[in-house]
Structure formats: C-alpha cells, structure tokens
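For reference, the structure is listed below as structure tokens.
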Amino acid sequence: MRKNKRKKVTLFMDIKKNKAAYLMLVPAALYTFVFGYCTIPYMIIAFQKFNIKKGILHSKWVGLKNFEFFFKSQDAALIIRNTIKLNLLFLFFTMIVAVILATMINEIHSRYFKKIAQSTYLLPYFLSWIIVNYILYGIIGSKYGLLNYIISFFGGTKINFYNEPKYWTIILVVLKVWKELGMNMVIYLATITGFDEELYDAAAVSGATRLQMCTKITIPMLIPTIAMLSIISIGRVFYGDFGMIYALVGDNGVLYHATDVIDTYVFRTLRMIGDPSKAMAISFFQAVMGFLCVWGSNYIARKKIEEGGLF
Amino acid sequence: MKRKLTWGKVLIYFCLTITALICVLPLLLVFIVSFTPESEIVRNGYSFFPKELSIEAYKMLFENGIEVIQCYLNSVFITGIGTILAVIITAMASYALANPFVKYRNQIAMYFFITMIFNGGMVPWYMICKKVGFSENYLALLIPNLIFSPFNLFLVRNYMSTIPMSLMESAKLDGANDLQVAFKIYFPLSKPILSTIGLFYGIAYWNDWWNSIMLVSEPRYYTIQYYLMKLKSELSFMRNLQSSGMVGSGFIPTESLQMATAIITIGPIILLYPFLQRYIVKGLIIGGVKG
C-alpha cells in the first residue's frame, strides 16, 4: 500500500530538494558536457570537407570520401597494425614481468628490502615520457650514448639507432615495461596480500616447496586480476599511446615504419597537414573500433569471470 | 624458527636487485652527466664515472636561462592552482554521487561514465578548445584535459560511500546543509583518497605537454616539459643541418646543460617521492582497482 502512495521523484524535484548537492556537481558536469558530449556532434565533419568559415552545419558533404582516402592509402594498414601490435606486446610483457616480480617479492621476508625494492620499481612511473626520452638519448644516442660507447669499447661499430627502425619495436616495448612494471606489480602484490594464509599453511603441512606454492597457488589465484587488467588493456587496443610515441620519436619520419600509430597519424593529419576532416575520419574509425572493443571485452569478462565486468 | 637462506632465495634477491638497479641507474646516469664537464662528455661519451665533476651546466642554466626559468615557473604555477581546483571539483562531485539523498545519483554517474568510453577524440576536442577560447593563454594549460577526470571521481565516490550514513543524517538533523556536511565532515574524513587523487592530478599537471603542443605557440606559455621537448627536436634539427653542411648559427646547448634541465624538471617529483608512492599505493588498494 505504501508503495502506491510514494510519488515518482522527478529530476526537477530531486534538484529542488538537494539544491546544494546538485550545485556541487555543476563544475564537473559542465566540464564533461563541454569536453565530452559536445565533441560528439563534431564527429560529422568526418563526412564533410570541413571549412572553418562555414562551420559544421554548412560545410560541403563528401560522403565517405575521407574514409576512402584513408583506407586506400598504404598508411592505413601500417598504422592499424602498429597500434595493435605494440599494444599487445606492451600488455604481454608488462604482465609477465610484473607477475614474476610480485611473486618474487612475496617470497621475501625482509620488510626493509621489500620496501626499497617496491619504491625503486615505481620510480619510472612518475617520469614523463619527455624525461624518458632524455634518458633514452643518454643510453642509445649515436654520438655520446652509453650503449654505443660500450659497443665501440668492445670493438664494434656504433649504431645510429635513430636511423634504424628495426630496433624500435624492442626499444618501445622495453621502455614501456620499464615505466609501467612498478604500478602493475603493486596491483598484483596487493592481490597476493589478500590471499588466505591458510592455503599456504596447508600446502606447507603437505610438504609443498615454496616453488610449488608459487606455481600451484599464487599464480593460479592471480589469474582473475591478470584477466581483468588484460581486459582493460584490450578494450584500449585501438588507442596508441600518443604521449609515449610522440615524445620518443617526434617527427623523425625514418622511424615511422616501426613506430607510427593511429594517434600520432591523426595528430599529424590535424596539426601538420591541417586537414580536420581527414583526421576526424581516422579518429571516427578508431572511436567506433575502440567502443566495440571495450564493449566486447567487458561482455567476455562478465561471462567468464566472477565479478569480472567493469560495468 | 630461523629462516634458511636457500639458493632459491639468493636467486630471488639477485633478480630483484638487478631489476631495482635497472629502474634507478638510467636516472642516475642523467644525474651524473649533468655534473660532468662538457669536454669529458665529448671525449668519453656518457659515463657513470666521470674523472671530475663540475656545476658549470647548472650555472649556465641559471645565468642564461631566462626562458627555462619562465617555463619552470609556468609549470609550478599551473600545477599548484590546477591540482587544488581539480581536487575540489572532483571531491564536490563525488560527494553528490555518494549522497544517498540524491535519488538520481546513479543516472548522474552514468552521465560521467559514458564519456569515458565514447567521445569524439582529439579533433573535436581541439576545435572546441579553440572555440571556447582555451588557446594562447594560461587557461589553455589549466583547464582542458586535466582539471577533471571521471576515473578519479569514481575512486573518491567509492571511498565516500563507505562513510556511515548516520553521520550525514545526524548533521542534517542539526540543520547542516549539504555544503557544510561535505566540507566539514566528508572531505576531512576522505583525506587519504583526496591525497591520492591530488597526487595523481599533480603529476598529470607537472608532466603535461599535450595542452602546450596543441593549444599554445608563444614561448612564454610553454610548460617546462614542452620546453624540454622543443629543445630536443630543435637540437636534432640543427644537427641534421650541420651534418648536411649547412651550419646552423643558433646557440646549441651543451649535453650537460640538457641533462641539467632534465634534472631540475624531475626535481619536484623526486622530492615528493616518499609521499607519492605511499599515497598512490594506498589509494590503489583502498579504491580498488575497479575504480
């Protein structure tokens, strides 16, 4: 009976009742509206030959020409392949290294050592890619770089890494792992700390070695976390790490073959070539693929893992 | 029970130590090079063991580097103001979403969430910034991209949801309004998570060069990160000119000067590092990875 009495609260009534609470939402909501929702109508310029004077309503419609232009160019296959390949490599190697380190740290009993190790692993995470570029230059720079110095010390010839795309997939993967492993390790370690001690005690009573406990208890129990972090990454597989690639490679065209990803390509189309419509077409494709990936991976997560869905 | 030091343990300590060195040594190299005399770098390349040390690079940095100092101050100023505003904006919105009296809180959460997984990307973003007037001014460095992140919103919301509702109810019975409840009760109680997101925002501001590269072109608005980036690309451009015979006439900063500039840019992060790692690790654990 009470249920019938309760009137449906409309948004307007709710706002009136909680004026102050809604007022506190305004800055964040406004920001999200301007930089989130307002971007969506602009996406139609992908189907136009956008002219800044005419605006998005009066520019000339060209149908799918911008998409055609992109997919017929030889760049399309390259940058899509690079984006996906690099992201999968980043995901795989960061995960392996972080899981191994987390299990190893878990075996250590000296609190002091644990703390210092953790702090050092996290350090690179807080550096910007620009700084990482300076560090990289110090190591592989062709003239004074440490690595080249070592190579020539042992009688080899110096390598000009900035002219050799073939090394760059490895360089990018190494740097990504270097920068991210600390953060990932912390997440895995937090998960391990939550495991039930009794499992290990029981294993110890049955005579299991530490190594067996790692491979039979710790790692299998980490699988849900591994899966969840992988799902987040796979949802973003179409988004290249612009901040990383552009800071490290910049406008060095020699390396594009190994390093160019969708985001750097869109950036160049927008800022160097100055064609917002073509840039938007590529980015449109990326947004749609990205959306499908997020949705798809979340769907799988919800089906396969308990509490696995992110939303 | 005394723990035995087995071979396995030794191996683990060895691997962990090596990894720790790999994380720290590259940074140390930059640090040492910034104190190495230029002549020695030219002779021996970058090295961990210079024969002598010099503070020449830092002297040059402070004597001739009006531009660097301007960029540095820009970064300090933007990071300070931006972080404070960002934390306040996020905390206020989180309070509304964690407030059970707000009946539409879940729908509003959805409103924030949708833009996280679908938005127009960089091209419309760029056009909107230009249109709204976030270009060639300090606001361009302060507001777009950095001042609010829905990810942090959900982190704080989750934390605030764990604060017992009875606190809010009794305060409201005593006649407090939402603003008072938020600022006097909820925010002080949420200090750990607010510190965490404060650090996230602070780092994002300090390390940002995206807004600079997209929205400003006058050197007086450069942030220090963008300055460093420009420096590197101009240098490689000049080197190309020189190697192709056309000698660039501009001033070429020495190797140690470049590294000294990098070091002063990392400075604040290293100084704050003890807090950084404590609060971020804590925040990740209390907020849950799911966010």
Side-chain angles (χ1 to χ4, degrees), chain A residues 9 11 14 18 20-22 24-25 27-28 31-32 34-40 42-43 101 104-105 107-109 117 119-124 126-128 130-131 133-135 138-139 144-146 149 186-187 190 210-211 243 247 250-251 266 270 276 279-280 283 286-287 291 294 310-311, chain B residues 3 8 12 15-16 19-20 23-24 26-27 29-30 33 41 45-46 89 92-93 95-96 99 101-104 108 112 115 117-128 144 147-148 153 177-179 182 203 207 209 225 228-229 232-233 255 262 265-266 269 276-277 281 284-285 289-290:
Chain A
V9 187
L11 179 61
D14 202 30
N18 300 292
Y22 275 93
M24 283 192 272
L25 270 172
Y31 176 91
T32 306
V34 173
F35 293 107
Y37 289 95
C38 287
T39 60
I40 294 170
Y42 275 91
M43 292 176 85
L101 280 181
M104 278 184 165
I105 284 213
E107 294 299 311
I108 297 288
H109 294 284
S119 313
T120 43
Y121 299 160
L122 261 177
L123 185 62
F126 297 106
L127 306 177
S128 71
I130 304 276
I131 296 290
N133 186 32
Y134 275 75
I135 295 174
I139 294 169
Y144 308 121
L146 188 66
Y149 182 70
V186 166
I187 296 170
R210 287 305 308 189
L211 188 65
D251 303 318
V266 172
L270 177 68
M280 187 66 243
S283 174
Q286 184 189 34
F291 182 73
V294 172
L310 297 167
F311 48 87
Chain B
R3 289 201 177 89
I12 287 178
C15 291
L16 291 176
T19 318
C23 287
V24 179
L27 212 54
L29 179 67
V30 173
V33 169
I41 300 176
Y46 284 22
I89 291 175
M92 289 197 310
Y95 170 78
N99 182 344
F101 290 104
V102 176
K103 289 284 174 298
Y104 279 82
I108 297 166
F112 287 114
T115 56
I117 53 168
F118 190 80
N119 63 65
M122 105 176 51
V123 183
W125 178 87
Y126 174 72
M127 290 161 78
I128 286 171
I147 207 156
F148 172 70
L153 170 77
N177 62 29
D178 273 319
L179 275 172
I203 292 284
N207 284 345
W209 47 276
Q225 303 281 349
L228 277 175
M229 166 161 194
K232 195 106 248 132
S233 61
E255 300 284 323
T265 308
I266 314 171
I269 291 181
L276 277 178
Q277 61 125 353
V281 171
L284 274 180
I285 293 166
V289 199
K290 260 180 136 176

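Chain identifiers are assigned alphabetically (A, B, ...) following the order of the sequence lines, protein sequences preceding nucleic acid strands; residue numbering begins at 1 within each chain.
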Between [X] and chain A, with a heavy-atom cut-off of 4.5 Å, which part of the residue counts as in contact: side chain, backbone, both or neither?
X        : answer
B/Phe148 : both
B/Trp125 : both
B/Ile269 : side chain
B/Leu153 : neither
B/Val102 : both
B/Thr19  : both
B/Leu16  : both

TODO: Against chain A, work out which of B/Pro26, B/Gly8, B/Gly121 has the most heavy-atom pairs shorter than 4.5 Å and name it.
DONE: B/Pro26
Between [X] and [Y], is any pair of side-chain heavy atoms under 4.5 Å apart?
X        : Y        : result
A/Tyr121 : A/Val186 : no
A/Phe126 : B/Asn207 : no
A/Val294 : B/Phe118 : no
B/Trp209 : B/Leu228 : no

What are the two closest heavy atoms between [X] and [Y], and how far apart are they?
X        : Y        : answer
A/Glu107 : A/Arg210 : OE1-NE, 2.8 Å
A/Ser283 : B/Gly120 : OG-O, 3.7 Å
B/Gln225 : A/Ile131 : OE1-CG1, 4.2 Å
B/Leu179 : A/Ala20  : N-CB, 4.1 Å

- [ ] Decide whether B/Asn99 and A/Asn18 meet the rule of one side-chain donor and one side-chain acceptor closer than 3.5 Å.
- [x]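 No pair is found: no donor N or O on one side chain lies under 3.5 Å from an acceptor on the other.
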Counting only non-hydrogen atoms closer than 4.5 Å, does [X] touch chain B with its backbone (N, CA, C, O), its side chain (CB onward), both, or neither?
X        : result
A/Tyr149 : side chain
A/Pro276 : both
A/Ile135 : both

Heavy-atom pairs under 4.5 Å with chain B - which of [options] has more of them than the others?
options                               : answer
A/Gly138, A/Pro124, A/Ala287          : A/Gly138
A/Ile139, A/Val266, A/Ile108, A/Val34 : A/Ile108
A/Ser119, A/Pro27, A/Gly145, A/Ala247 : A/Ser119
A/Leu101, A/Leu123, A/Leu211          : A/Leu123
A/Phe35, A/Phe291, A/Tyr37            : A/Tyr37

Task: Any donor-acceptor N/O pair, B/Tyr104 side chain to A/Leu11 backbone, under 3.5 Å - done: yes
